[in-house]
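A, B, ... follow the sequence lines: proteins, then strands. Residue 1 opens every chain.
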Protein chains: 2
Amino acid sequence: MNEQDLRVIKTKKNLQLALIQLLKEKDLEKIKVTELCRLSGITRRTFYLHYENVRKYFEEFIEQLLEELEQSMEKTTKYRMMTNQQLVPNMIHLFEHVYLNKESYQFIFSGNSNFAYYQMFFKRIKVIVKSSMELMDLDHELTDFQVAYQANAILGMILEWYFENFQKSVEEMNRLLMTSLRI
Amino acid sequence: MNEQDLRVIKTKKNLQLALIQLLKEKDLEKIKVTELCRLSGITRRTFYLHYENVRKYFEEFIEQLLEELEQSMEKTTKYRMMTNQQLVPNMIHLFEHVYLNKESYQFIFSGNSNFAYYQMFFKRIKVIVKSSMELMDLDHELTDFQVAYQANAILGMILEWYFENFQKSVEEMNRLLMTSLRI
DNA sequence: AAATTTATTACACAGATGTATAATAAAAAT
DNA sequence: ATTTTTATTATACATCTGTGTAATAAATTT
């Protein structure tokens, strides 16, 4: 499959439009390949030529989010390095990114979602947190478990935010993260 | 449905035996209701009279694990309260419980698993961590987000342990948790 | 603009899901 | 021990999944 081929691009665009619409209407687990294809006007056979199953399709969808998330977190680290300042709430861009992509996170964190998606976040945030921790704590030797601890702690706050239906503001979340980091 | 009814008990027992066997043979997502029923000698109709779908069935299975997990974590807190000692590695019983139930956790944390199962752990550990934090830090006012942070941090270590295929010993995990708690 | 490549379709099939209905058999209540 | 209750079964049906094959049409290459 040539991802540059106009036909492929068109197919995937139609598929994504259908997905976004269906996500507004119904639960993740209720979205069938059949329906996705009917709505996007492609045949099921075409879908299966691209993806093994629905989960693999969503993973591609999520990969796009991860790119953005990475950029927003690196923004924070880079700024700290350049100005050599201590971390303050308005330097954090993570929650801003999450809030802007609320709808997507709403389906990723839903109970019907697949654990593989969460793992994608866990793994990516670990990489980011690790390089950030290494830059800040040059003297300490870091284990993978300390990184996993910190990375998942942050994910815990996002998850809690999701459970509270994103009621707290981005600024409030930034402040809350700071208090936990200082404990 | 009367859960005490001998017929129900028999049905569920047969189902669980079939599940455990199938989990050894194949991936979680590959286990079909049809197969589960064929192996346990019950009809598919009976299965659906008890559970909405496979996920709901697993949730019941996991609930049993959560009971044990809760007890092992409370053991730690209670001992601390009684002896009024500072937390030391050999007081932690959490990882011991996880290790003993390795097989179960292996399927809960697999990529094919459902995020709902993880959420069950998240929610339960939050409750436990909260009461533990409140007992220790009587002066501080706790937000749900601080609790979520700590609870998920611990889950992060378990998750990392799973990814490393439980190579580290229970004692090592206890020590590793201590270092992260002190950061 | 014509030839070539290849993504998409149309159609078909075995097996799975989820649900409905009446018949049956096993347990509980009397 | 008999009656009553109800969990389980047998059977059937519409819909969905995942895959195979040959025909078609759209894009790329020449």
Side-chain angles (χ1 to χ4, degrees), chain A residues 1-61 107 110-117, chain B residues 1-61 107 110-117:
Chain A
M1 287 288 169
N2 178 10
E3 299 286 321
Q4 292 0 302
D5 194 306
L6 281 186
R7 288 168 294 187
V8 176
I9 292 169
K10 201 150 75 179
T11 296
K12 294 202 169 183
K13 196 162 110 186
N14 289 334
L15 215 46
Q16 179 143 344
L17 286 174
L19 172 64
I20 290 167
Q21 184 181 329
L22 285 176
L23 279 175
K24 284 175 189 160
E25 287 172 20
K26 58 174 71 181
D27 246 23
L28 183 65
E29 70 178 335
K30 301 285 180 195
I31 297 176
K32 308 292 182 187
V33 175
T34 303
E35 202 176 7
L36 212 48
C37 293
R38 195 164 40 216
L39 196 62
S40 57
I42 66 166
T43 56
R44 282 191 317 111
R45 202 65 195 84
T46 299
F47 178 91
Y48 285 114
L49 287 169
H50 285 285
Y51 311 100
E52 253 183 84
N53 48 42
V54 192
R55 204 189 81 201
K56 288 283 161 62
Y57 171 52
F58 286 144
E59 284 178 8
E60 186 174 301
F61 184 83
F107 100 80
S110 86
N112 308 312
S113 180
N114 200 289
F115 191 47
Y117 312 146
Chain B
M1 287 287 169
N2 178 8
E3 298 286 320
Q4 289 3 298
D5 193 307
L6 281 186
R7 289 168 293 186
V8 175
I9 291 169
K10 202 150 73 179
T11 295
K12 294 203 169 182
K13 197 162 110 186
N14 289 334
L15 215 46
Q16 179 142 342
L17 286 173
L19 172 64
I20 288 166
Q21 185 181 330
L22 285 176
L23 279 176
K24 284 175 189 161
E25 287 171 20
K26 56 175 72 181
D27 245 24
L28 184 65
E29 70 178 335
K30 300 287 181 194
I31 298 175
K32 307 293 180 187
V33 175
T34 305
E35 201 176 8
L36 213 47
C37 292
R38 194 165 40 215
L39 196 64
S40 58
I42 65 166
T43 56
R44 285 193 313 113
R45 200 66 195 85
T46 300
F47 178 90
Y48 285 114
L49 287 169
H50 285 286
Y51 311 101
E52 252 183 84
N53 48 42
V54 192
R55 202 190 82 201
K56 287 282 159 64
Y57 171 51
F58 285 144
E59 283 178 10
E60 186 173 299
F61 184 83
F107 101 80
S110 86
N112 309 312
S113 178
N114 201 289
F115 191 48
Y117 311 147

Asks: Identify each donor-acceptor pair in which a side-chain atom of residues 29-36 of chain A lies under 3.5 Å from a protein atom, sequence neighbours left out, and give them as a table.
Replies:
residue	atom	partner	partner atom	Å
A:E35	OE1	A:K26	NZ	3.2
A:E35	OE2	A:K26	NZ	2.9

Asks: Output all residues satisfying side chain to side chain contact (heavy atoms under 4.5 Å, CB included) with B:E52, sequence neighbours left out; order by chain, then residue number.
Replies: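 Per chain and number, B:E52 pairs via side chain to side chain contact (heavy atoms under 4.5 Å, CB included) with B:K56.
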
Asks: If the condition is side chain to side chain contact (heavy atoms under 4.5 Å, CB included), which residues does A:E25 pass it with, not counting sequence neighbours?
Replies: A:Q21, A:L22

Asks: Reckon B:T46 has a side-chain N or O less than 4.0 Å from the OP1 or OP2 of D:dT8?
Replies: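 Negative; the distance criterion is not met.
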
Asks: Could you work out, with side chain to side chain contact (heavy atoms under 4.5 Å, CB included) as the rule, every residue matching A:L17, not counting sequence neighbours?
Replies: none

Asks: Could you list the donor-acceptor pairs under 3.5 angstrom formed between side-chain atoms of residues 41-50 of chain B and any protein atom two or more places apart in sequence or on another chain?
Replies:
residue	atom	partner	partner atom	Å
B:T43	OG1	B:T46	N	3.4
B:T43	OG1	B:T46	OG1	2.9

Asks: Quick one: list whatever passes ring pair (Phe, Tyr, Trp, His ring centres under 6.0 Å) with B:F107, sequence neighbours left out.
Replies: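 B:F107 satisfies ring pair (Phe, Tyr, Trp, His ring centres under 6.0 Å) with B:F58, B:F61 once adjacent residues are dropped.
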
Asks: Quick one, B:R55 and B:Y117 - any side-chain contact, counting heavy atoms below 4.5 Å?
Replies: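 Yes, at least one pair of side-chain atoms sits under 4.5 Å.
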
Asks: Mind checking what makes side chain to side chain contact (heavy atoms under 4.5 Å, CB included) contact with B:K24, not counting sequence neighbours?
Replies: B:I20

Asks: Pick the closest DNA chain C nucleotide for A:K30 and for A:G41 by heavy atoms, then say which residue is nearer the 5' end.
Replies: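 The 5'-side residue here is A:G41.
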
Asks: Please produce a list of atom pairs where a protein N or O lies less than 3.5 Å from an N or O of nucleotides 15-20 of chain D.
Replies:
residue	atom	partner	partner atom	Å
D:dT17	OP1	A:V33	N	2.9
D:dT17	OP2	A:T34	N	3.0
D:dT17	OP2	A:T34	OG1	2.5
D:dG18	OP2	A:Y48	OH	2.8
D:dG18	N7	A:R44	NH1	2.9
D:dG18	O6	A:R44	NH2	3.0
D:dG20	N7	A:R45	NE	2.9
D:dG20	N7	A:R45	NH2	3.3
D:dG20	O6	A:R45	NE	3.1

Asks: NA contact type, B:L49, heavy-atom cut-off 4.0 Å: base, sugar-phosphate, or nothing?
Replies: base

Asks: Which salt bridge (charged side-chain N to carboxylate O under 4.0 Å, His left out) pairs, counting each pair once, include a residue from residues 11-21 of chain A, with sequence neighbours left out?
Replies: A:E3-A:K12, A:K12-A:E60

Asks: Looking at five pairs on each end of the helix from C:dA1-D:dT30 to C:dT30-D:dA1, what is the angle between the two axes, given to 10 degrees?
Replies: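 Here the helix ends are tilted 30° relative to one another.
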
Asks: Reading DNA chain C 5' to 3', which nucleotide is the first, and which the last, to come under 4.0 Å of any heavy atom in chain B?
Replies: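 Going 5' to 3' along DNA chain C, contacts run C:dA16 to C:dA28.
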
Asks: Which of residues 7-26 of chain A sit near DNA chain D, with a heavy atom under 4.0 Å from it?
Replies: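 Those residues are A:R7, A:K10.
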
